[in-house]
Amino acid sequence: MPEPLPKTYSPAATEPLITLRWDAADDRSAGSGGGGAFHAEPGPVLSGERKPYCIFIPPPNVTAALHLGHALNNTLQDILVRAHRMMGFETLWMPGTDHAGIATQAVVEKRLRQEGTLKGPLKQSMTREAFVTQVQAFKDEYEATITHQLKVMGCSCDWARQRFTMDPQCAAAVREAFFRLFKDGLIYRGKRLVNWDPVLQTAVADDETEDVEIDGHFYYLRYPLVHPVKGAAKAVQPVTWSELATRGYPGASEHPAEEQAWVTVATTRPETYLGDTAIGVNPHDPRAKSLRGLLVELPLVGRILPIIEDDYVVLPAAMQKDPDAAASDPKAQFATGFLKVTPAHDPNDYDLYMRHKAVMDTHAPGGSALINIFAPDATVSDKHGWPDAAGAHLFLGLSREEARKKVVAEFYARGLLEETKPYKHTVKHSDRSKAVIEPYLSDQWYVKVTDDRMRGSALRAMAPDQRTSSLDASMPHASMPSRSSTSSTPPSAPGDGELRFYPARYAKTFENWHENIRDWCISRQLWWGHRIPVWRFSFFESATTSEEGVAGARQRCARLLIDLCAAARLDDELCLQFDGSESDRAYLCARTVRAARIVDLLKALFSQEPEEAETEFRELGLSRDALRAASELSYFMDANLTQDPDVLDTWFSSALWPLSTLGWPDPDKFPDTKGLLEAFNPSSVLCTAREIITLWVSRMTMFNRYFLPACHSVASDTSPSVPSDTSPSVAPSLRRSVASEGRGTGPLPFNDVFIHAMIQDGEGRKMSKSLGNGVDPRDIIESHGADAMRFVLCQMTTQTQDVRMPVVADPTTGKNTSPKFDIGRNFCNKLWNATRFALSMLPTGSSPAPSAAVGPRSFSLADRWMLSRLTTAVADINTALKNYQFSDYAQSLYDLLWRDFCDWYLEAIKPTIKESPAQQAVLAHALETIVRLLHPIAPFITEAIWEHLKEIQTAPINGITLPPSRRGGLLCTAGWPEIAPTLRDERAEKDFERTRALVTAIREIRAKHNLPPKRRITLHAPAALIKDLDSIGARSYVESLGTLDAITTDPAPKDAAATLRFESAELTLSNLADAAPAGGVADTTAER
RNA sequence: GGGCGGGUAGCUCAGUUGGCCAGAGCAUUCGCCUUACACGCGAAGGGUCCCGGGUUCGAGUCCCGGCCUGCCCACCA
């Protein structure tokens, strides 16, 4: 017999004990790894015994402890997971964390600098290994913190399966995915302008930047016009205004005739003039024609620039035909009509360059107009692709800011600065380092997500009724091959049309994003992350000395590689790609750790220690033939054969999360992953905040559909019939249809995407460390309890609104908390006390329960009403859960427990409960139903209460099924309540409603007359009404709940009476005042 | 510039397909330690449902136009 319950529920005393019981409840055979009550196995799914329910946690970054936003996200997932576990699904909630490459590297780097361990640029001050070790330690610390936080929140993850995006299992998936994309030509190397973070010295994605509005200036710079001189690139002659006037240049005659003419450009970044390689003008500009054939000389640098004509260049407001349009176009307001073109430092200029490549390259020094004037740290430098810096040596070594000042000063000194205007504009900053982003030209790896097998598969995944445009129209850039591949695939692949967004409006965001998607830059110049499994080398220096030429050398190299693979039993584990743009570059991609090792040894073969390399080759089990091929191959590679120093964008491994966590590609290599993929992919739902719809959802969808074969799972919701040949013993690889992989026709990683609100502080600001308004869920748990926190978070989750969370300091601990959670705490306490009351009224323990079920005949009005309310509540809650309407779910329970069960049912049965076994049965079943329904939201208190409820001995009730626990005698694996629709009783609901209305009316009078609660008064009513109350069985409730001494047809005495209207009758209450005999008062006093 | 939300009681928010008196919690006021619960019980006050039009027998809800506000995407010489 459990201890008697204390008067107030204490989360602090209860929650840790419950956690221990959940953890200890793994009653399966040893080796299942301590997943506790929440451990899931593929077996029951593969055998068809249970349906799967699976959620992949959005892996939190290991950069910091979780905040309330995470608490919300994970509470909602846990609610779904717990509810479905109770409903009988084999339920897997896959936990894990994300290495968060750039974020974590930035945080650790900052920390090392604060400690003084790190001074100067990272890459020069520390070895890669030393730094990674530091980050690893940091990661361990935060991973532990995060895991602990999730546990104290009550998250019912399968802890035995916890993953980290950089652990060996996930790394294997990353290598496999990269290799396959590389081999299929969906990964390529390209020179592009990227967002460069000069502090962290890496490329960052658009979404890793933030726009900051800053006060800047427009600078109007004059570039002198010159004539080209044939035969000598540098020799030029000035163009005078009089010449321009002759050519018909408008306004030229207003300038001194013999002075050198100029054009004026407007810029916010004058320092980039050093990289200018053209001047743009709109072909409709009246000045354009007269400038044809002329050039511009870049001041100080002396570079000669062509003038290119392009519609992109905005005409100044004064020149535009439509003055209204011009007035509303801010660009036109400050445009001069001449645009400086700096292709290596501005994305739009880069696009211009791509359109005018020929003419720009012709005039450019060194034959390329992509002149890079910055070092990776964004100081002006001539070491990174700037051949004609001599004239501008005075700027070398300056930071961007210093260079800007100096450029402006130099132009001013030469009379070339026309004016400056203050200007407010937004500038991209790096999320992580807060540095101003520099558009920077560099070599990066890209995934061709614009390919139909990627983008198309994501778009085809969308539910037809959530699409806003047809598939064809949605892919304006679809190329010829992609169309034909679309038509060659079956009209309906397994995942097609099954992706559903909740709320539905987010489907549009998803669709829209894919329509405008650009290829995905996946390389990052960081140290923390998955190293790109590619070795680069250039080989033609030695190879082309032979007769065979470039093409022949390439062929021979490729052939040797095939030989090596065959001889070394490296079947399909190495892949060679030649650089499309640079003819002497080649890339070798390794699929496995062993293949990578062999590539490393290739390098050793022709460098320092060929003997040692040979020994190692033999240790790896390589044959003589393999070694010979390797030696020959190494001859083609120069000593620069090196692994790419870059790491992959974090999202690359995140995109594989639904695959890697389940053991893909090779479940046999990792224990306990066998069968997981078949059983749990596709998962049931992805829960996330809306900020990452585009990034994560899209990429997971594309990768899952690309890497998995069209038919791989045995038990997805959409294929109810389980194929007969499937059993856990069949190795997954045997069932795979290899032909359908790599076509983007595979299954989805999840069927539903649920997007929930974001949590803001009381003023509607994002929660953040720097604002000090962040809230650690552990602090809420300390002040209110985990269940209270979860209840409130659930209740707040409506379909539309973001959540405002006023933050205050807890008076006792000083930690951040919020009075918003009081409701949850009070609610838990209410449940606790209702339970205490019920337990005091119900037979427990020793007396055996009657086995015969009780039925409607023995129920009072209140009982029938309560059962009816339960029936509708269960139905409402099931609907709410199905549609991810968390607020409705919590609200239903709140009303059911507090308003119906406590306020009315418990009060109504107080006079009769002790004597009525039937009523006892209803009370017990109602309470237990509520407790079970509430468990997904408030797991701790309900688990604690359930332990006591199990002791109650009452008769069963026909129509209520409360299935037993499946594991450890715990509520978390007990069944979800099932209530037969027959227990719905509209008559009882209506009758009880009337009773309630009458009691309320009486109480209103009592309150108006300030009656003491215990004072009994008399109700005078028409005989018909009294008869009616008797017939529905409501009379006793009116008497007890209204605190009446009698209901009578006698006329009321004239004094001390009040009237009320009920339905159509006029009733009177008497005996209100103390004029009555002193008995009543004396009684009250005595009772005290 | 494009897209998506939100503007309902002092505060934070519900209000599904148009339909009886617009709801909840907190706060306020009044009365209660009525023994399950003061983290509670009973009751009360409090709303031009942002503004202006329209559709309708009927609009917080649907349509059009404004205003305010938040977020996302694109762009910014």
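A, B, ... follow the sequence lines: proteins, then strands. Residue 1 opens every chain.
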Axial cation check for A:Trp904 ring with A:Arg1003, 6.0 Å and 45° limits: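 Yes, A:Arg1003 lies over the aromatic ring of A:Trp904.
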Would you verify whether the NZ or CZ of A:Lys910 falls within 45 degrees of the ring axis of A:Phe837 while also being under 6.0 Å from that six-membered ring's centre?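 Yes, A:Lys910 and A:Phe837 form such a contact.
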For [N], the Watson-Crick or wobble partner whose two distances fall under 3.5 Å:
{"N": "B:C57", "answer": "B:G19"}
{"N": "B:C33", "answer": "none"}
{"N": "B:A9", "answer": "none"}
{"N": "B:A27", "answer": "none"}
{"N": "B:C4", "answer": "B:G70"}

Any side-chain hydrogen bond (donor to acceptor under 3.5 Å, both in side chains) pairs touching residues 270-280 of chain A, not counting sequence neighbours?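 Those involving residues 270-280 of chain A are A:Tyr223-A:Asp276, A:Arg269-A:Glu271, A:Glu271-A:Arg404, A:Thr272-A:Lys340, A:Asp276-A:Lys340, A:Asp276-A:Thr342.
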I need the full list of side-chain hydrogen bond (donor to acceptor under 3.5 Å, both in side chains) pairs touching residues 830-841 of chain A, with sequence neighbours left out, sorted by first then second residue.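 Counting only pairs at least two positions apart or across chains, the side-chain hydrogen bond (donor to acceptor under 3.5 Å, both in side chains) contacts touching residues 830-841 of chain A are A:Asn833-A:Arg836.
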Counterpart residues, ring-ring contact (aromatic ring centres under 6.0 Å, His included), relative to A:Phe791 (two or more places apart):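 Counting only residues at least two positions away or on another chain, A:Phe791 forms a ring-ring contact (aromatic ring centres under 6.0 Å, His included) with A:Phe827.
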List in chain and number order the residues that pass ring-ring contact (aromatic ring centres under 6.0 Å, His included) with A:His425, two or more places apart in sequence or in another chain; answer none if no residue qualifies.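 Only A:Tyr423 meet the ring-ring contact (aromatic ring centres under 6.0 Å, His included) criterion with A:His425.
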Can you tell me how far [atom1] in [N] sits from the matching atom in [M], rounded to whole Å?
{"N": "B:G23", "M": "B:U16", "atom1": "P", "answer": "14 Å"}
{"N": "B:G65", "M": "B:C72", "atom1": "C1'", "answer": "25 Å"}
{"N": "B:G7", "M": "B:C63", "atom1": "P", "answer": "15 Å"}
{"N": "B:A74", "M": "B:C4", "atom1": "C1'", "answer": "15 Å"}
{"N": "B:A36", "M": "B:C49", "atom1": "P", "answer": "44 Å"}
{"N": "B:C20", "M": "B:G58", "atom1": "P", "answer": "15 Å"}
{"N": "B:G46", "M": "B:C41", "atom1": "P", "answer": "24 Å"}
{"N": "B:G18", "M": "B:U61", "atom1": "P", "answer": "11 Å"}

Can you tell me the distance, in whole Å, between the [atom1] atom of [X] and the [atom2] atom of [N]?
{"X": "A:Met758", "N": "B:G6", "atom1": "CE", "atom2": "P", "answer": "16 Å"}
{"X": "A:Ile517", "N": "B:C72", "atom1": "CD1", "atom2": "P", "answer": "19 Å"}
{"X": "A:Asn516", "N": "B:A74", "atom1": "CG", "atom2": "P", "answer": "9 Å"}
{"X": "A:Arg505", "N": "B:G6", "atom1": "CZ", "atom2": "C1'", "answer": "10 Å"}
{"X": "A:His1009", "N": "B:C32", "atom1": "NE2", "atom2": "P", "answer": "16 Å"}
{"X": "A:Arg1003", "N": "B:G31", "atom1": "CZ", "atom2": "P", "answer": "19 Å"}
{"X": "A:Glu210", "N": "B:A74", "atom1": "CD", "atom2": "P", "answer": "14 Å"}
{"X": "A:Glu1004", "N": "B:A43", "atom1": "CD", "atom2": "C1'", "answer": "8 Å"}

What residues form a side-chain hydrogen bond (donor to acceptor under 3.5 Å, both in side chains) with [X], not counting sequence neighbours?
{"X": "A:Thr209", "answer": "none"}
{"X": "A:Arg505", "answer": "none"}
{"X": "A:Thr872", "answer": "A:Arg869"}

Applying a 4.0 Å non-hydrogen cut-off, can you work out what [X] is touching in the nucleic acid: base, sugar-phosphate, or nothing?
{"X": "A:Arg1016", "answer": "nothing"}
{"X": "A:Asp349", "answer": "nothing"}
{"X": "A:Phe821", "answer": "nothing"}
{"X": "A:Leu339", "answer": "base"}
{"X": "A:Thr426", "answer": "base"}

Going by side chain to side chain contact (heavy atoms under 4.5 Å, CB included), name the residues that satisfy it together with A:Glu993, two or more places apart in sequence or in a different chain.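 In terms of side chain to side chain contact (heavy atoms under 4.5 Å, CB included), with neighbours along the sequence ignored, A:Glu993 is linked to A:Trp865, A:Arg996.
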For A:Arg455, is there an ion pair with A:Glu515 - N to carboxylate O distance below 4.0 angstrom?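 No, no charged N to carboxylate O under 4.0 Å.
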Does A:Glu511 pair with A:Arg467 as a salt bridge, N-O distance under 4.0 Å?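 No, no charged N to carboxylate O under 4.0 Å.
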Which is more 5' along RNA chain B, the nucleotide nearest A:Asn512 or the one nearest A:Tyr894? Just name the residue.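 Comparing both residues, the 5'-ward one is A:Asn512.
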Once salt bridge (charged side-chain N to carboxylate O under 4.0 Å, His left out) is applied, what residue pairs with a partner in residues 878-895 of chain A remain, sequence neighbours excluded?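 Every candidate salt bridge (charged side-chain N to carboxylate O under 4.0 Å, His left out) pair involving residues 878-895 of chain A fails, so no pair, neighbours aside, qualifies.
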Which letter, B, S or -, goes with each nucleotide of nucleotides 34-40 of chain B from 5' to 3', with contact meaning a protein heavy atom under 4.0 Å? B-BBSBS
Scoring nucleotides 7-17 of chain B by protein non-hydrogen atoms under 4.0 Å (B base, S sugar-phosphate only, - none) yields -----SSS---
Between protein and nucleotides 60-62 of chain B, what N or O pairs are separated by less than 3.5 Å?
none

Please report the interatomic distance CD1(A:Ile437) to CD(A:Glu210), rounded to the nearest 0.5 Å.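 It comes to 9.5 Å.
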